[in-house]
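Since this is a predicted model, take the numbers as computed values, not measurements. Note that the numbering runs from 1 along the sequence shown for the chain.
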Amino acid sequence: MRILVTGATGYVGSRLVAALVRDGHSVVAATRDPEKLGRFGWCDDVDAVALDADDPASVEAAITDKTVAIMP
């Protein structure tokens, strides 16, 4: 399952991403600044996408072709 997790650099989102990756899911980690994903051990196991909730174009691009979107 391909899962989009918003707020992937936050407390809840980062732990959710780690759990989903451990369970074998294909994860897309969304954050305003994808460069910040590099500080997480799972950063090489996910696809990163820039998403700013105030920018409709970035939201649309992030949710395209995802099976599930989780917004913790």
Asks: Compare all side-chain heavy atoms of D23 with those of V21 and state whether any distance is below 4.5 angstrom.
Replies: no
Asks: Which of these passes side chain to side chain contact (heavy atoms under 4.5 Å, CB included) with V5: V12, L16, V46?
Replies: L16
Asks: Which residues, ordered by chain and number, are linked to V49 in its hydrophobic cluster, where ILVMFWY side chains connect at heavy-atom gaps below 4.5 Å, directly or through other members?
Replies: L4, V28, I63
Asks: Distance-only, no hydrogens or angles: does the D33 side chain make a donor-acceptor pair with backbone N or O of E35 under 3.5 Å?
Replies: yes
Asks: List the atom of A48, the atom of P34, and the distance in Å for their closest heavy-atom pair.
Replies: CB-CB, 4.2 Å
Asks: Tell me, which pairs form a ring pair (Phe, Tyr, Trp, His ring centres under 6.0 Å) where one or both residues lie in residues 43-64, sequence neighbours left out?
Replies: none
Asks: Sort and list the pairs that fulfil side-chain hydrogen bond (donor to acceptor under 3.5 Å, both in side chains) and have at least one residue in residues 52-62, not counting sequence neighbours.
Replies: none
Asks: Any donor and acceptor pair, going by atom type alone, linking the side chain of W42 with main-chain N or O of S14 inside 3.5 Å?
Replies: yes
Asks: Which other residues end up in the same hydrophobic cluster as L51, if Ile, Leu, Val, Met, Phe, Trp and Tyr are linked when side-chain heavy atoms come under 4.5 Å apart?
Replies: V59
Asks: Sequence neighbours left out, what passes salt bridge (charged side-chain N to carboxylate O under 4.0 Å, His left out) with D47? Give chain and number order.
Replies: R2
Asks: For T9, enumerate each residue passing the side chain to side chain contact (heavy atoms under 4.5 Å, CB included) test, keeping only those at least two apart in sequence or located in another chain.
Replies: T31, K36, L37, R39, F40
